[in-house]
Amino acid sequence: MSPVKVLLLGATGHTGRSILDGLTENGNYSIELFVRPSSVEKPAVKDLAQNGLPIRVGDLDGPVEDLVYLLSGFDLVISAIDALSQLAQITLAKAAKEAGVGRFIPCGFTIVCPPGCYAVARSGKTKEEVYQYLKELRLPFTIIDVGYWYQLSFPTLPSGRVDYATPLVPNVTIHNDGLATNLLTDLRDIGRFVARIATDNRTLNQYVYTYGDLLSEMEIFGMMEEISGEKIERRSVSTQEIESAMQRAQDAYSVDSKSMGNLFALYVAQYNYSKYVRCDNTPQGAEALGYLSARELYPEFQPTKFVDFLKEVLDGKGVNPYA
Ligand SMILES: NC(=O)c1ccc[n+]([C@@H]2O[C@H](COP(=O)([O-])OP(=O)(O)OC[C@H]3O[C@@H](n4cnc5c(N)ncnc54)[C@H](OP(=O)(O)O)[C@@H]3O)[C@@H](O)[C@H]2O)c1
């Protein structure tokens with residue numbers, strides 16, 4: 001079987017790097033990378049090129065015809081563009097349709113949540129706009145959501161020994177009663193799932209969710225305490241506090257939507273509301289929205305268990321994604 005020709009946007013980013021690694025490990029893909037003109041000279045891009053990956057330079061703000069030419073001949077386009085640039089995918093999708101690309105995987109890779117409900121400030125709304133556009137175009141698509149990254153889902157310890165591996169210090173909050181479970185995926189496994197999903201006929205024009213583990217905060221804190229031998233001093237927030245934090249964040253964002261601080265605070269507040277109050281990010285939430293389960297589709301693939309990830313972090317082998 002000849003390899004699937006894939007063009008990947010975002011290989012220098014977190015999700016994109018995982019996808020690049022997953023596609024490479026899979027071996028059935030011939031991979032080329034889409035890079036914007038302003039990033040061609042970046043060391044990260046040069047490293048990828050030196051590793052033999054063909055670089056296609058394209059401008060999502062440029063003429064669509066140039067992109068159509070660039071995309072011609074690809075079976076698959078995968079986008080892992082950052083949360084704030086989602087709408088730039090509209091031009092990419094238009095060009096992909098005109099170029100006859102067989103499948104477009106837009107940048108989902110977030111928690112499971114009903115359309116419009118999470119809004120998640122600009123990111124969620126704009127992801128939905130892109131999905132809507134793909135459907136209007138009748139461009140074959142697959143939307144993949146991964147729950148929350150393991151790398152953002154563990155508590156910190158009184159000794160400070162895991163602080164090096166997280167941007168969230170301290171992180172000792174238990175939301176509500178701490179019993180809401182959430183879909184969690186190791187960032188490094190996203191690409192392994194994507195490599196399986198991307199060429200599967202069963203996932204064409206479907207939403208798919210992945211997870212390595214389904215855990216509540218109580219379970220995660222308990223695991224961390226048991227492995228580390230430390231006692232975490234928990235801070236509890238009630239449903240009411242989660243709701244008023246979301247309202248405050250929404251008000252601040254309405255007053256100044258250009259402030260990155262306001263935007264980030266709104267993201268966090270809306271994620272907390274969706275994950276711990278509405279309990280959207282669960283297999284039941286996903287299946288109610290018509291998602292397929294990647295764990296059911298690929299029972300032979302064993303993703304990293306959260307407990308093994310935690311052991312790595314405690315062994316000093318974690319990586320802070322936002323270092
Ligand atoms: N589930 C979770 O827990 C979780 C956590 C974080 C993020 N996410 C989701 O994951 C998605 C990806 O986020 P990320 O953190 O992986 O992104 P990221 O690390 O910021 O990387 C974004 C990538 O997009 C590229 N890019 C941006 N604009 C471009 C353009 N105009 N043309 C070509 N390339 C462009 C960047 O390339 P350059 O090198 O040119 O900058 C970079 O490679 C987001 O939509 C977010 O919602 C989910």
Side-chain angles (χ1 to χ4, degrees), residues 12-18 21 43-44 80 82-84 109-111 120-121 123 146-191 211-238 241-242 245-246 248-249 259-276 281 303-323:
T12 56
H14 301 100
T15 309
R17 180 70 216 199
S18 173
D21 292 344
D82 57 87
L84 300 181
F109 309 115
T110 186
I111 61 168
V120 186
S123 167
V146 300
Y148 226 55
W149 296 348
Y150 283 6
Q151 283 73 4
L152 299 176
S153 300
F154 62 88
T156 48
L157 291 169
S159 64
R161 64 194 266 222
V162 298
D163 290 2
Y164 78 95
T166 175
L168 311 166
V169 180
N171 186 21
V172 291
T173 305
I174 293 274
H175 297 86
N176 216 342
D177 53 10
L179 296 177
T181 54
N182 272 280
L183 299 165
L184 307 171
T185 301
D186 189 320
L187 175 57
R188 297 165 297 179
D189 281 336
I190 293 178
Y211 66 103
D213 251 319
L214 175 71
L215 291 169
S216 68
E217 288 177 314
M218 289 303 250
E219 288 169 317
I220 292 175
F221 278 56
M223 234 180 239
M224 185 59 128
E225 288 181 336
E226 195 182 322
I227 308 173
S228 67
E230 295 187 41
K231 180 91 192 127
I232 303 167
E233 200 158 311
R234 300 154 194 227
R235 178 180 160 263
S236 288
V237 293
S238 65
E241 285 169 299
I242 298 170
M246 192 169 67
R248 276 197 310 278
S259 149
M260 290 309 282
N262 286 351
L263 184 61
F264 183 70
L266 185 55
Y267 275 143
V268 172
Q270 289 184 334
Y271 277 133
N272 286 340
Y273 181 70
S274 176
K275 286 166 65 184
Y276 305 116
N281 186 41
T304 312
K305 300 294 295 170
F306 193 81
V307 67
D308 294 328
F309 163 78
L310 274 189
K311 286 178 187 160
E312 281 182 45
V313 171
L314 282 159
D315 282 349
K317 295 180 193 141
V319 176
N320 179 347
Y322 296 103

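Just so we're clear, the structure is a prediction, and the values are computed from it rather than from any experiment.
Side-chain polar atoms of Ser18 and Arg188 form no donor-acceptor pair below 3.5 angstrom.
Rounding to the nearest 0.5 angstrom, the gap separating the CE atom in Met224 from the CG atom in Asn171 is 9.5 Å. Interatomic distance, Asp82 CG to His14 NE2, rounded to the nearest 0.5 Å: 11.0 Å. Taking OG of Ser216 as the reference point, atom CG of Asn182 lies at 9.0 Å (rounded to 0.5 Å). Interatomic distance, Lys305 NZ to Asp213 CG, rounded to the nearest 0.5 Å: 4.0 Å. Distance CZ/Phe154 to CG/Leu314: 8.5 Å, rounded to 0.5 Å. Atoms CZ and CD1, from Phe109 and Ile190 in turn, are 7.5 Å apart once rounded to the nearest 0.5 Å.
Between Lys311 and Ile227, the closest side-chain pair of non-hydrogen atoms falls below 4.5 Å. Residues Leu183 and Leu214 form a side-chain contact, since some pair of their non-hydrogen atoms from C-beta on lies under 4.5 Å apart. Contact of the Asp186 side chain with the Gln151 side chain is registered, since non-hydrogen atoms from C-beta on lie closer than 4.5 Å. Taking the side chain as every heavy atom from C-beta outward, Leu84 and Met260 approach each other to under 4.5 Å. The side-chain heavy atoms of Thr185 and Tyr211, taken from C-beta on, include a pair separated by under 4.5 Å. Under the 4.5 Å side-chain criterion, counting only non-hydrogen atoms from C-beta, Leu215 is in contact with Phe306. Between Val146 and Thr15, every side-chain heavy-atom pair lies at or beyond the 4.5 Å cut-off. Side-chain contact between Val162 and Pro155: absent, with no pair of heavy atoms (C-beta onward) separated by less than 4.5 Å.
The aromatic rings of Phe309 and Tyr150 are tilted relative to each other, their planes meeting at an angle between 30° and 60°.
One finds no salt bridge joining Glu217 and Lys275 here, because no Lys/Arg side-chain nitrogen approaches an Asp/Glu carboxylate oxygen to under 4.0 Å. By the 4.0 Å N-to-carboxylate-O rule, Glu230 lies close enough to Arg161 to be salt-bridged with it.
Not one N or O on the side chain of Tyr276 forms a donor-acceptor pair closer than 3.5 Å with the backbone of Asp177. Side chain of Ser274 to main chain of Gln270: no donor-acceptor pair is present (N/O by atom type, distance under 3.5 Å, no hydrogens or angles). Looking only at distances, a side-chain donor or acceptor of Asp189 sits under 3.5 Å from a matching main-chain atom of Thr304. Put simply, the side chain of Glu225 gets close to the backbone of Ile232: a donor and an acceptor are under 3.5 Å apart.
Heavy atoms only, all atoms of each residue included: Lys317 and Tyr164 are closest at N-OH, 3.2 Å. Residues Lys231 and Pro158 come closest through the heavy atom pair O-CG, 3.1 Å. The shortest heavy-atom contact between Gly212 and Pro303 is CA-CG, 3.8 Å. Across every non-hydrogen atom of Val237 and Thr173, the tightest pair is CG2-CG2, 3.8 Å. Contact detail for Pro321 and Ala165: the closest heavy-atom pair is CD-O, 4.1 Å. A pairwise comparison of heavy atoms in Asn320 and Tyr322 identifies OD1-N, 2.8 Å as the closest pair.
Ring centroid separation for the pair Phe264 and Tyr267 does not come in under the 6.0 Å cut-off.
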Notebook entry, point to check: Going through the distances and angles, do Leu187 and Arg17 end up as a side chain to side chain contact (heavy atoms under 4.5 Å, CB included)?
Noted result: CA-CA 9 Å; Leu187 175 57; Arg17 180 70 216 199; over 6 Å; no
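Crowding of Glu226 atom CD: a count of heavy atoms from other residues, nucleotides or ligands under 6.0 Å not exceeding 12.
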